[in-house]
Amino acid sequence: MKSLHYLFLPGVVFLSLLAGCRYYQATGYTYEQIQVQSDDTLLQCIIAPYREGLQAEMEKVIGQAAQDWKKGKPESAIGNLITDIMLEAGDTLFQHKPDFAVYNYGGIRIDAIYKGEVTKGKIFELLPFDNTMVMVTLDGYSTARLLNKLAAAGGWPQSGLQLTISNEAAVDVLVQGQPFDTSAVYHVVMNDYMARGGDGLEMLTDASLEDAGITVRDIVIRGIENRSAGGEALSIETDNRTISE
Amino acid sequence: MSSRRTFLRQLSTGGLLLGSGWLPMEALAAGAATSLTILHTNDMHSRIDPFPDDDQRYAGRGGMSARAAIIQQIRDSEQHVLLLDSGDIFQGTPYFNYYGGAPELELMSAMQYDAATMGNHDFDNGLDGFAAQLPKASFPFLVANYDFSDTVLHKKIQPYTTIKKGRLKIGVFGLGIELKGLVPDRLYGATGYNNPIVKAQETADILRYDEKCDLVICLSHLGYSYKDNKVSDEVLAASTSGIDLILGGHTHTFFDEPLSYKNSVGEAVLINQVGWGGVMLGRLNIIYDEVKRKNWRYTQPVIVTKKSRG
């Protein structure tokens with residue numbers, strides 16, 4: 001794309017008082033938003049040693065996707081996969097069995113994992129941040145605020161809950177099949193970025209926190225490997241656990 | 001496009017792209033017209049290789065080698081080239097997880113970047129992580145509204161720089177987004193955050209009046225625009241004066257063309273942003289003409305010859 005624009009310079013008023021003076025005047029500009037795409041290898045000499053250091057590891061196939069696993073709201077295949085694996089892993093990583101898992105939508109960094117081979121590198125693209133998995137213990141009130149935040153954002157990935165989003169609030173909430181109870185204490189698995197108040201989750205910063213010391217990414221990689229141990233392609237579907245009204 | 005019509009209309013009501021936009025007689029080269037080429041990127045997010053073939057949006061696009069080749073081509077045909085980045089260089093591919101940003105900065109140095117600002121993800125390995133990689137950058141990092149004085153980055157990040165290209169003196173400064181709530185506290189430590197609008201005006205005034213720059217460019221990682229009243233490039237453009245060009249980032253916005261806004265004194269200020277991941281390179285050619293006038297005369301449009309890229 002190329003375009004051309006003209007400029008009008010009020011500054012000339014003052015300059016012209018210096019009769020006969022010569023100066024440079026900015027008269028306009030052209031612009032171009034250049035598509036970057038070529039097979040050029042100009043900087044490969046710098047890139048190659050770095051690439052070789054991680055390529056073999058990143059190209060490892062950890063499973064097969066039976067269909068495209070997309071990212072989306074209020075619920076998505078990729079969001080369900082991540083949080084299901086987190087919740088399951090939480091059973092053995094923490095002192096207490098977790099009630100549910102949530103993941104901030106913005107922390108999922110590619111739109112989809114497409115049908116076919118799933119490589120370790122793809123999960124690095126999906127979850128690039130080195131955030132560790134943690135479990136926070138919340139009272140009913142803080143849990144309600146967390147769920148409303150999740151609902152107001154249009155639905156973040158979660159596992160262990162059944163909820164409906166109505167007027168940006170979470171309603172008809174079931175936790176592990178039981179109605180939500182404001183007097184209960186809930187154990188919630190998430191990443192440490194969220195637990196430390198990231199993405200507008202200030203309500204979590206005072207909660208007690210147990211850190212598994214393992215990145216969510218590593219947990220998800222292991223989870224996919226475990227689920228793929230039989231060699232079958234993994235089928236991940238949405239199941240209406242989060243409904244938007 | 002409607003946005004282009006808007007832009008032309010704004011200019012014809014007396015907008016001013018380049019606040020001073022001229023050079024005194026003694027600074028003149030013997031030749032006639034000259035041009036300054038500004039190339040810019042934002043939010044490259046460690047995309048060293050092109051996007052993989054299975055990417056449904058950007059397959060095969062981007063990549064540092066491809067970008068370097070385009071930049072080299074442009075340098076071959078243009079005398080005065082500025083290459084700038086608006087932050088979030090780090091994070092997004094395993095290159096960052098494995099090497100902490102070293103290849104990104106080495107490659108940008110090889111491409112001869114002139115300056116960059118810091119994005120929120122450039123804090124992802126903490127202040128120490130950033131400081132450790134900084135020696136690999138042959139270009140300065142500029143942020144006018146972060147206060148690093150109680151951190152390891154003290155005196156390693158500067159608010160602005162000035163660059164001479166031919167007879168032109170260009171002022172470049174950077175603005176960072178509020179880190180609280182966006183970046184874990186432990187990663188940015190004692191970094192202080194100052195109001196970007198206040199710092200932008202202060203810095204633009206220094207560049208315009210003390211440094212006598214002909215062109216003032218802001219590298220912003222504030223984000224282009226928000227639904228609420230959060231500070232953004234749009235807000236920055238409207239609330240300040242003396243900035244000619246805001247090269248933005250953070251919101252990963254793909255502009256079809258640079259957009260013109262009115263600044264606080266009614267002059268035009270351009271904003272541009274080129275998406276993310278290095279799939280695009282922004283290019284602006286500012287054209288300067290040698291002008292001779294004997295009579296007082298109000299502004300008149302000057303038709304710029306369309307230039308084509310090889």
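The figures here come from the full heavy-atom set of this structure, side chains too, leaving out hydrogens, waters and symmetry mates. Labels below follow one simple rule: chain letters A, B, ... track the order of the sequence lines, proteins then strands, and each chain is numbered from 1.
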Using 4.0 Å as the upper bound for N to carboxylate O, is an ion pair formed by A:Asp192 and B:Arg186? yes
Is B:Arg47 salt-bridged to A:Glu125, going by a charged N under 4.0 Å from an acidic O?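 The answer is yes: the pair qualifies as a salt bridge.
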Interchain contact, [X] with chain B, by part (heavy-atom threshold 4.5 Å):
| X | result |
| --- | --- |
| A:Ile110 | side chain |
| A:Asp39 | neither |
| A:Lys120 | neither |

From [X] [atom1] over to [Y] [atom2], what is the distance, rounded to the nearest 0.5 angstrom?
| X | Y | atom1 | atom2 | result |
| --- | --- | --- | --- | --- |
| A:Ile34 | B:Ile70 | CD1 | CD1 | 6.0 Å |
| B:Asp49 | A:Gln44 | CG | CD | 7.0 Å |
| B:Leu284 | A:Thr30 | CG | OG1 | 7.5 Å |

Checking an interface table here. Which of residues 206-224 of chain A come within a heavy-atom distance under 4.5 Å of chain B?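 Listed by number, the contacting residues are A:Arg217.
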Of all the residues in residues 48-62 of chain A, which have a heavy atom that comes within less than 4.5 Å of a heavy atom in chain B? A:Pro49, A:Tyr50, A:Arg51, A:Gly53, A:Leu54, A:Glu57, A:Met58
Where do A:Val36 and B:Gly63 come nearest, in terms of heavy atoms and distance?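 Heavy-atom minimum between the residues: CG1-O, 4.0 Å.
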Looking at every non-hydrogen atom in both residues, tell me the closest pair between B:Ala66 and A:Ser38 and how far apart they are. CB-OG, 3.3 Å
Under the side-chain contact (heavy atoms from CB on, under 4.5 Å) criterion, do A:Phe124 and B:Asn97 qualify, and how do the steps go? CA-CA 8 Å; A:Phe124 268 78; B:Asn97 304 94; 3.4 Å; yes
Should we say atom NZ of B:Lys136 is surrounded by more than 12 heavy atoms from elsewhere, each under 6.0 Å from it? yes
Could you give me the CA-CA distance, side-chain angles and deciding distance for A:Tyr29 and B:Asn285, then say whether side-chain contact (heavy atoms from CB on, under 4.5 Å) is met? CA-CA 5 Å; A:Tyr29 70 92; B:Asn285 274 33; 5.7 Å; no
I would like to know whether B:Gln91 and A:Phe129 meet side-chain contact (heavy atoms from CB on, under 4.5 Å); could you show each step before the answer? CA-CA 7 Å; B:Gln91 191 69 274; A:Phe129 310 120; 3.3 Å; yes
Does any heavy atom of chain A fall under 4.5 Å from the side chain of B:Pro50, the backbone, both, or neither of them? neither
Can you tell which part of B:Tyr95 gets under 4.5 Å to a heavy atom of chain A, answering side chain, backbone, both or neither? both
Largest heavy-atom contact set with chain B, pairs under 4.5 Å, which of A:Leu127, A:Asp111, A:Asp68: A:Asp111
Show, in sequence, the C-alpha distance, side-chain angles and deciding distance for A:Tyr31 and B:Leu270, and conclude whether the side-chain contact (heavy atoms from CB on, under 4.5 Å) test is met. CA-CA 11 Å; A:Tyr31 74 86; B:Leu270 285 181; over 6 Å; no
Side chains of A:Gln33 and B:Asn272: donor-acceptor distance under 3.5 Å anywhere? yes
Should B:Leu281 and A:Glu32 count as side-chain neighbours, where that means a heavy-atom distance under 4.5 Å? no
Is a side-chain donor or acceptor of A:Asp40 paired with a backbone partner of B:Ala68 at a separation under 3.5 angstrom?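 A pair under 3.5 Å: no.
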